[in-house]
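Being a predicted model, the structure only gives us computed values, none of them experimental.
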Amino acid sequence: MSRPLLYISGPYTGNDTHSTEENIETARQYSILAWQNGWAAVTPHLNTAGFEKFTDSLTHGDWVDGYLAILSRFNPSHDAILMLPRWRESEGAVTELKHALGRGIRVFYAIDFFMDVPDAELFELKP
C-alpha cells in the first residue's frame, strides 16, 4: 500500500514572536519526522517558501485556495492533517482545519506529540 498523505498545517507568515523563517523551519522539522514515520508529507511552507517575495499579483487567499485544492484530493480513509503548534494564529491554517473536518479527514495536533509525529501504520484508517 502507498504511504498515506499527511498535510502539514500551521502559521507561515511571521508575527511578533516568530519569523516566517522560523515558521518554515518548524514545518520542515515536522515534515521530516512525518516522512521518517511512514507518511508522505505535503508541506505548503516548503512548496512555496518565499514566493510572496517574487509576486505581488497573488493574494493570501490565492495561496490558501491552492492548498485547499490539494487538501480536497486527500482520501479521508487513508490520509490526515497535522496541525502545527500555534496553528490558531494562522487564518489559513484555521481554514485548512475546517476544510479537513468538513471532509472527514483525520486531524492530529502536534502539541499532543511534543515534536513528534504519529506513526502512519499505527494511525492508518481502515475503510
Side-chain angles (χ1 to χ4, degrees):
M1 174 176 262
S2 64
R3 285 177 178 252
L5 300 173
L6 184 65
Y7 188 97
I8 308 293
S9 179
Y12 175 84
T13 304
N15 60 22
D16 292 340
T17 61
H18 294 84
S19 69
T20 299
E21 292 75 19
E22 288 171 317
N23 292 337
I24 292 169
E25 184 56 30
T26 296
R28 180 187 330 279
Q29 290 172 14
Y30 276 98
S31 185
I32 290 167
L33 289 169
W35 280 97
Q36 291 173 335
N37 288 347
W39 301 93
V42 176
T43 313
H45 297 72
L46 302 175
N47 189 53
T48 52
F51 281 23
E52 71 278 1
K53 297 174 188 171
F54 300 103
T55 180
D56 57 2
S57 65
L58 295 170
T59 67
H60 179 261
D62 292 324
W63 302 112
V64 173
D65 288 347
Y67 285 111
L68 291 179
I70 292 170
L71 195 52
S72 292
R73 288 161 174 80
F74 275 41
N75 179 343
S77 68
H78 187 63
D79 306 321
I81 185 171
L82 175 69
M83 305 307 296
L84 295 178
R86 301 179 0 269
W87 64 267
R88 289 179 182 89
E89 299 173 13
S90 168
E91 182 182 318
V94 170
T95 300
E96 291 165 343
L97 175 63
K98 289 178 182 177
H99 185 80
L101 290 170
R103 295 203 56 246
I105 295 171
R106 181 112 181 228
V107 179
F108 299 110
Y109 297 90
I111 196 155
D112 297 337
F113 299 100
F114 302 104
M115 204 48 212
D116 198 2
V117 174
D119 188 297
E121 289 182 15
L122 296 177
F123 288 96
E124 189 169 352
L125 302 175
K126 304 298 178 196

Worksheet item: Do R86 and N23 touch side chain to side chain, with heavy atoms closer than 4.5 Å?
Response: yes
N/O donor to acceptor pairs below 3.5 angstrom from side-chain atoms of residues 91-98, sequence neighbours left out:
| unit_1 | atom_1 | unit_2 | atom_2 | d |
| --- | --- | --- | --- | --- |
| T95 | OG1 | E91 | O | 3.0 |
| E96 | OE1 | S9 | OG | 2.5 |
| E96 | OE2 | Y7 | OH | 2.6 |

Between [atom1] on residue [X] and [atom2] on residue [Y], distance to nearest 0.5 Å:
X   : Y    : atom1 : atom2 : result
L84 : Y109 : CG    : OH    : 12.5 Å
Y67 : H99  : OH    : NE2   : 14.5 Å
N37 : R3   : CG    : CZ    : 9.5 Å

Practice prompt. Output all residues satisfying side-chain hydrogen bond (donor to acceptor under 3.5 Å, both in side chains) with R28, sequence neighbours left out; order by chain, then residue number.
Written response: E25
Closest approach of [X] and [Y], non-hydrogen atoms and distance?
X    : Y    : value
A110 : P85  : CB-CD, 3.5 Å
A100 : I81  : CB-CG2, 3.8 Å
S90  : P11  : CB-CA, 3.6 Å
R73  : R103 : N-NH1, 4.4 Å

Fill in: For A80, all residues meeting side-chain contact (heavy atoms from CB on, under 4.5 Å), sequence neighbours excluded
L6, W39, R106, F108
Discussion item. Going by side-chain contact (heavy atoms from CB on, under 4.5 Å), name the residues that satisfy it together with R88, two or more places apart in sequence or in a different chain.
Written reply: none
Discussion item. Are V42 and I32 connected into the same hydrophobic cluster when the rule is that any two of I, L, V, M, F, W, Y join if their side-chain heavy atoms are below 4.5 Å apart?
Written reply: no
